[in-house]
Novice: 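Below you will find the structure I want to go over with you.
We name chains A, B, ... by the order of the sequence lines, and we start the count at 1 in each one.
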Protein chains: 2
Amino acid sequence: MRPSKRDELVEKALMVFYRHGFHATGMDKLAAETGISKTSMYKYFSTKEDLIGAALTLRDKQFRSWLFRRMEQLGSTPRGQLIAMFDGLKEWFAQEGFQGCMFMKAAAEYQKSTDPIHMKSAEHKSILISCFSDIAQRAGAADPDALARRLMLLKEGAIVAAQLGITKNPAMDAKAAAKILLADALGQ
Amino acid sequence: MRPSKRDELVEKALMVFYRHGFHATGMDKLAAETGISKTSMYKYFSTKEDLIGAALTLRDKQFRSWLFRRMEQLGSTPRGQLIAMFDGLKEWFAQEGFQGCMFMKAAAEYQKSTDPIHMKSAEHKSILISCFSDIAQRAGAADPDALARRLMLLKEGAIVAAQLGITKNPAMDAKAAAKILLADALGQ
DNA sequence: GGCATAGTGTACTGATCAGTTAACATAAGG
DNA sequence: CCTTATGTTAACTGATCAGTACACTATGCC
């Protein structure tokens with residue numbers, strides 16, 4: 001089980017799925033774009049859904065480690081880190097090739113709540129909320145879970161607004177709102 | 001140009017697309033589920049994308065008229081109406097067959113910002129924001145646009161959370177946050 | 001040398017995709 | 001009675017879908 005080829009496949013598949021969508025990306029097109037033969041793909045993953053699942057697992061790891069590292073870099077206190085999340089989001093939105101949240105799109109294409117892909121997407125968001133809650137607790141929130149859920153709403157809303165391009169700077173709108181919510185939850 | 005059959009097609013197609021997704025719904029399956037022959041469908045709409053466009057136009061009309069009527073029923077003042085939006089959302093989320101926001105899903109499946117379907121989705125959200133802004137202005141907000149954008153973030157976030165099922169009552173989380181933002185923007 | 005491992009290319013399965021074509025049915029209006 | 005509009009069913013196009021089968025190549029290990 002050497003890692004190289006399999007991991008390379010998952011990484012490249014992740015990018016293709018992100019750019020073109022899941023149903024819109026056929027396995028033939030995927031083989032052509034990744035340069036990995038269909039035969040090899042089906043040796044690692046017996047179905048397309050399995051491959052999508054692996055791609056989502058990778059994305060979850062990538063995104064969480066990126067976001068929390070960036071929050072730590074940009075904010076010195078727990079409260080500052082929660083606010084800094086939105087500065088991080090702004091950077092993400094500005095990246096070339098930004099296309100919204102992978103997990104939202106996965107959940108949109110695989111709607112059944114019992115679908116493994118849908119469940120994996122929901123799990124990603126759940127983990128994020130509980131991480132936010134930990135930070136909110138360290139920040140001294142009386143109800144850290146409630147604060148985490150509210151910040152999550154702003155984050156998800158900002159991602160949607162950024163993907164649709166309906167407002168100029170959704171990350172900063174969310175940041176301004178987050179400051180107000182934090183002031184309410186933590187006092188001044 | 002009698003309305004009946006064409007409108008019936010668009011209405012039924014809307015439901016099928018909402019439930020099963022766009023790429024996942026073939027024209028044959030659509031004909032089978034709507035009971036309208038493929039030939040007739042292609043007489044009204046020359047491409048699948050045209051039909052999707054018509055379905056989105058209908059959805060935009062339906063959703064906006066429903067939401068704003070409900071806001072007026074549930075709230076007596078402009079401020080109360082903005083808060084009542086989240087009570088309306090709660091009702092929507094609880095409806096059997098709720099599957100998230102049609103326009104988010106459309107934008108997720110048709111990602112290119114130049115795609116007519118993507119643009120129609122963005123337009124829907126833009127109209128909502130400007131309606132919120134009007135109400136915010138009547139409520140006496142110093143910066144009604146900014147308030148509208150913030151409330152929109154909460155609304156979109158709540159829809160995502162409801163669709164993914166990651167929190168128990170996202171509409172009420174959003175309502176609580178909205179009250180705080182309104183207090184900040186309008187005073188007391 | 002011998003032999004497994006990991007990979008490739010290509011052609012194939014049956015199903016489904018969007019969209020077309022042709023023959024036919026129903027009804028209303030002159 | 002004839003025409004036109006509005007439908008229908010059903011078979012078809014070529015392309016693409018997920019997934020499989022088979023023959024091949026390269027590498028490394030014993």
Novice: Taking the nucleotide of DNA chain D with the closest heavy atom to each, which residue, A/Lys43 or A/Met27, is nearer the 5' end?
Specialist: A/Met27
Novice: Picking from D/dT8, C/dA18, D/dG19, which would you name as closest to the side chain of A/Glu49?
Specialist: D/dG19
Novice: Ion pair present between B/Glu156 and B/Lys125, side-chain N to carboxylate O less than 4.0 angstrom?
Specialist: yes
Novice: For the residue pair A/Ser130 and A/Ser133, confirm or rule out a side-chain donor-acceptor distance under 3.5 Å.
Specialist: no
Novice: Nearest to the A/Tyr42 side chain among D/dG19, D/dG7, C/dT20, which nucleotide is it?
Specialist: D/dG19
Novice: To the side chain of B/Tyr44, which of D/dG7, C/dG19, C/dA6 is closest?
Specialist: D/dG7
Novice: Whole-Å distance between C/dT20 C1' and B/Asp28 CG?
Specialist: 12 Å
Novice: Which of the following nucleotides, C/dA18, D/dA18, C/dA22, is nearest to the side chain of B/Thr39?
Specialist: C/dA22
Novice: Mind calculating the distance between CE (B/Met41) and P (C/dT21) to the nearest angstrom?
Specialist: 17 Å
Novice: Choose from D/dT8, C/dT8, C/dA18 the nucleotide whose nearest atom is closest to any side-chain atom of A/Ser37.
Specialist: C/dT8
Novice: Given side chain to side chain contact (heavy atoms under 4.5 Å, CB included), test A/Phe45 with A/Val10 step by step and report yes or no.
Specialist: CA-CA 10 Å; A/Phe45 304 98; A/Val10 176; 3.7 Å; yes
Novice: Would you call the rings of A/Tyr110 and A/His23 parallel, tilted or perpendicular, where under 30° means parallel and over 60° means perpendicular?
Specialist: parallel
Novice: For B/Lys29, report the nucleic acid contact type (base, sugar-phosphate, nothing); a contact means any heavy atom under 4.0 Å.
Specialist: nothing
Novice: Does a distance-only test, which skips hydrogens and angles, find a donor-acceptor pair under 3.5 Å between the side chain of A/Lys48 and the base of D/dG19?
Specialist: no
